[in-house]
Amino acid sequence: MNDLFADFDDGLPQREDLAAGVVLLRGFAREQTASLLLAVAQITQASPFRQMSTPGGYRMSVAMSNCGALGWIADSQGYRYAARDPLNNHAWPAMPEVFLALARSAALEAGFADFLPDVCLINRYAPGTKLSMHQDKDEADFSAPIVSISLGLPAIFLLGGLQRNHPSQRIGLSHGDVLVWGGPARLRYHGVLALKQDSHAELGACRINLTFRQAA
DNA sequence: CAGTACCT
DNA sequence: GCGT
């Protein structure tokens, strides 16, 4: 048994307070996973997954797309939000109602009322891909929380402190789990360890993460 | 895999 | 320093 990945087989979704301002909602999205994945397929037909480059000139292993009024992008110029997809110069696809409703209800359940995200960053992880420790700090104000929905293969999320050299705790995230952090935790460093080689019943060798933010 | 140097 |  691995207690990083708790079961929710025979109960309602579990709320777990991991730290001040950090709430893990195990299985919170489990009834909506098919709808979410269908919407991801539609969004990424218009704005395909792509591996962005960091300002330092390295390609990120995780492939990304966005929906909503704004999208998070990285390139040689830096990290920022843009209203248009640089791949096609079109507006990002609209945020589906099921995304907005789920993100809002998860935020409320975690204690953050009136969350109105204008961005959903969609991250696609294959086995071996990862996200190094970073802060989400490209948003205009930090009063709104971050809502993160996990789909497909499990991953180990690293929750660090407010400084890069602080120790991190490992959080196992599985299909349908939702992690919310905000308030005193809003600027905590975080990352994702390289995915293990594995296969998910619905998604195959793939993890999809939806990150909701209020950027403007 | 955590710590660290890297140098845009 | 969302990279190696």
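All values below come from the heavy atoms of this structure, side chains included, with hydrogens, waters and symmetry mates left out. Residue numbers start from 1 in every chain, and the chains themselves are labelled A, B, ... in the order their sequence lines are given, proteins ahead of strands.
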Is there a side-chain polar atom (N or O) of A/K130 under 4.0 Å from OP1 or OP2 of C/dT4?
-> yes
Starting at CD of A/Q163 and ending at P of C/dG1, how long is that distance when rounded to a whole Å?
-> 12 Å
Is_stacked (A/W72, C/dC2) at 5.5 Å, 30 deg = yes
Side chains of A/D118 and A/M95: does their closest heavy-atom pair fall under 4.5 Å?
-> no
How many Å lie between CD1 on A/I122 and C1' on C/dC2, as a whole number?
-> 17 Å
Verdict with reasoning, A/W181 to A/F157, per ring-ring contact (aromatic ring centres under 6.0 Å, His included) = CA-CA 13 Å; A/W181 67 99; A/F157 183 90; 5.5 Å; yes
Write down the distance between CG (A/N165) and P (B/dC1), rounded to a whole number of angstrom.
-> 20 Å
Assess whether atom CG of A/D114 is packed by more than 12 heavy atoms of other residues, nucleotides or ligands within 6.0 Å.
-> no
What's the CG-P distance between A/L193 and B/dG3, to the nearest Å?
-> 13 Å
How many Å lie between CE on A/M64 and C1' on C/dG3, as a whole number?
-> 12 Å
Identify the nucleotide, in any strand shown, that forms a Watson-Crick or G-U wobble pair with C/dG3, with both distances under 3.5 Å; if there is none, say none.
-> B/dC6
Residue-phosphate contact under 4.0 Å: A/R164 side-chain N/O, C/dC2 OP1/OP2 | yes
Measure from NE2 on A/H134 to P on C/dG3 and round the result to the nearest Å.
-> 8 Å
Could you check whether the rings of A/Y79 and A/W72 sit parallel, tilted or perpendicular, using 30° and 60° as the cut-offs?
-> parallel
A/N209 CG - C/dC2 P separation (whole Å) = 17 Å
Verify the neighbour count for atom NE2 of A/H166: are there more than 12 heavy atoms of other residues, nucleotides or ligands below 6.0 Å?
-> yes
Below 3.5 Å, does any donor atom in the side chain of A/D138 face an acceptor in the base of C/dC2, or the other way round?
-> yes
Examine C/dT4: is either OP1 or OP2 under 4.0 Å from a nitrogen or oxygen in the side chain of A/Y58? Give yes or no.
-> no
A/M60 CE - C/dT4 C1' separation (whole Å) = 13 Å
